[in-house]
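For the numbers below, each heavy atom of this structure counts, side chains included, while hydrogens, waters and symmetry mates do not. We count residues from 1, following the sequence as given.
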Amino acid sequence: MLSLPAKKSINLSTIACAIVVGLCAAWYIKANLLFPMRYLSHESDFSAYYRAAKVVLSGQSPYENPAYFYPPVVAFLTAPFGLTDYVTARWIWFALSQIFLVSAAWLLLRASGPSRIAMCCIAAVWAFGGAAQESLNIGQMGPLLVLVIALAFSQRERLQEAAVGIGFVLKYIPGVLAVALILNRRRALVTLAWVVALGTILPWAVLFWAFSGAKTPTSATYWMGTPDMFSWSIPSLLLRLLDPITPGASLPQNWLFGHEAAELHLAPALRWISVSAAIVTLAVGIGALLLVCRGRLTRQQVPWALAGLISLSLAASPVCWTHYQIFQYPGVALLLADSIRRRSWGMLAAVIACFALAYQLPQTILTAYHDQHSGWTTASPALLYIWTSVAPLACVALFGIALWKVRRSGIEKSSSVMMEAFTIAESPVAVASQRT
């Protein structure tokens, strides 16, 4: 009689999980597969990779193209795309990006301990996160970096270290994850150093010795900051405040065209203000992590530290385009799953709200504003200031939630150790040995 309800409960939970995952899969196909496919023949950010690949195959430096700002290793890795035409290359890259995203979801599910809750949370984030669609639309490397970040959440230490090193080589933002690995085990620094050295020094050396043309980006200061309205970070927020909107006038040029190096005109003082804001944000965040974990992370605390550091790095980055929010996917999925397992509904609501404010809400409201006014105008300066500023604040809030998880994991670990010691001390064998 007692086994029937349990079996029914298991069946109901399995059915509910299948329904949730099925709905998420359907939405993912619509939003992240079918929708981007309509734009694969158009010019996009992938064009910079493709042109760099063609230039590299001709024996010239990728920096001959003024629009290329990435490390040389990216041009070398994408060189095979230059062997075909743009549309074919774009389709191949799109297919690879889908493989990266699906593989990242599978790896994260394995790392989190396969469960229905984790499966549903990962499916929901991948389907409704929003940033994946933008990244796929423009052909950015976000899906590849999500795969790298998912590998950093794995249980294999060497794989974690290699993944973080590769992430730093491809784009500096994932490199902040090294802090968590080093706080867990000091020897991680050795592997990280080797991967970063091989991934940076070797490609630059090949570029200098084997390729003709420019050896550095045309405008290396571009990454020091931008007030562009779709760069959502604390430094960019600060730069927009220092380049204010005049009601009734046109939007500042740097707000509109700050994503183009040729159009971005930022005074040297403002660049250093941006970099200083980034350094201070990172320093304060890492300092808070050190205080919470007391300079040492346990294995149980590492995933929460990784999730928090990704959010912190996005908030601190001098340039943080909207599609960078795809990097949050692994950490947010784990935060959601843990909140549901613990039945911490307040925490669950907080994570959902922060994740929505980090991309979907501001993107939706700003798009509606643009459509309503048939372009970018100063009709409502308050609305523009608010909705170009909420994302970095949401990232800081997510970092705070992750810190709370780090602290709680540390307390639970200490409690379990104390209980284990108490159990051993009170066991008959221990009592007998004490009497002896």
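- Annotation: Trp27, atom CH2; neighbour count of heavy atoms from other residues, nucleotides and ligands within 6.0 Å does not exceed 12.
- Without hydrogens or angle criteria, Arg110 side chain to Gln155 main chain gives no donor-acceptor distance under 3.5 Å.
- Within the model, atoms CG of Leu393 and CG of Leu398 stand 11.5 Å from one another, a figure rounded to the nearest 0.5 Å.
- At a threshold of 4.5 Å between non-hydrogen side-chain atoms, the residues Val390 and Trp232 do not count as touching.
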When you look at Tyr28 and Gln98, which way does the side chain to side chain donor-acceptor pair (under 3.5 Å) test go after all the steps?
CA-CA 11 Å; Tyr28 180 93; Gln98 295 291 343; 2.7 Å; yes

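- With contacts defined as side-chain heavy-atom distances shorter than 4.5 Å, the pair Phe46/Asn137 does not qualify.
- Atoms OG and CG, on Ser47 and Asp45 in that order, are 8.0 Å from each other to the nearest 0.5 Å.
- A donor-acceptor contact shorter than 3.5 Å is absent between the side chain of Ser97 and the backbone of Leu136.
- Note that the CG atom of Leu366 and the CD1 atom of Ile386 stand 11.0 Å from one another [nearest 0.5 Å].
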Check against side chain to side chain contact (heavy atoms under 4.5 Å, CB included), Thr216 and Tyr63
CA-CA 6 Å; Thr216 58; Tyr63 297 118; 5.6 Å; no

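- Applying the side-chain contact (heavy atoms from CB on, under 4.5 Å) criterion to Ala52, with sequence neighbours excluded, gives Pro62, Tyr68, Ala75.
- Considering CE of Met141 and CG of Leu77, their distance stands at 8.5 Å, rounded to 0.5 Å.
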Verdict with reasoning, Val146 to Phe100, per side chain to side chain contact (heavy atoms under 4.5 Å, CB included)
CA-CA 8 Å; Val146 170; Phe100 296 150; over 6 Å; no

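- Of all heavy-atom pairs between Trp387 and Leu357, the closest is CZ3-CD2, 4.0 Å.
- Inter-residue side-chain proximity for Arg342 and Met347 is flagged as unmet; no heavy-atom pair is nearer than 4.5 Å.
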Quick one: do Trp255 and Tyr385 satisfy ring-ring contact (aromatic ring centres under 6.0 Å, His included)? Show the steps, please.
CA-CA 11 Å; Trp255 279 51; Tyr385 273 119; 5.4 Å; yes

Verify side chain to side chain contact (heavy atoms under 4.5 Å, CB included) between Phe35 and Gln133, making sure each step is shown before the conclusion.
CA-CA 8 Å; Phe35 183 83; Gln133 184 186 82; 3.7 Å; yes

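- For the atom pair CD1 (Ile149) and CD1 (Ile310), the distance works out to 3.5 Å, reported to the nearest 0.5 Å.
- When all heavy atoms of Ala118 and Arg341 are compared, the closest pair comes out as CB-NH2, 3.6 Å.
- Side-chain contact between Arg185 and Glu157 is present, with heavy atoms from C-beta onward closer than 4.5 Å.
- Pro143 places a side-chain heavy atom less than 4.5 Å from the side chain of Ser135.
- In terms of modelled atom types and a separation under 3.5 Å, the side chain of Asn32 and the main chain of Trp126 share a donor-acceptor contact.
- The two residues Ala152 and Ala163 come nearest to each other via the heavy atoms N-CB, 3.9 Å.
- Test Trp321, Tyr49, Trp93, Tyr324 against Gln140 for side-chain hydrogen bond (donor to acceptor under 3.5 Å, both in side chains) and you get one pass: Tyr49.
- A side-chain hydrogen bond (donor to acceptor under 3.5 Å, both in side chains) with Tyr359 is found for one member of Glu134, Gln328, His323 and no other, namely Glu134.
- With contacts defined as side-chain heavy-atom distances shorter than 4.5 Å, the pair Phe355/Gln360 does not qualify.
- Closest approach of Glu43 and Arg51 over heavy atoms only: OE1-NH2, 2.8 Å.
- Contact of the Cys121 side chain with the Val332 side chain is not registered, since no non-hydrogen atoms from C-beta on lie closer than 4.5 Å.
- In this structure, the separation between CG on Asp338 and OG on Ser409 is 7.0 Å, given to the nearest 0.5 Å.
- For the pair Arg343 (side chain) and Ser339 (backbone), a donor-acceptor distance under 3.5 Å is absent.
- In terms of heavy-atom proximity, Tyr70 sits nearest to Ala48 at CE1-CB, 4.5 Å.
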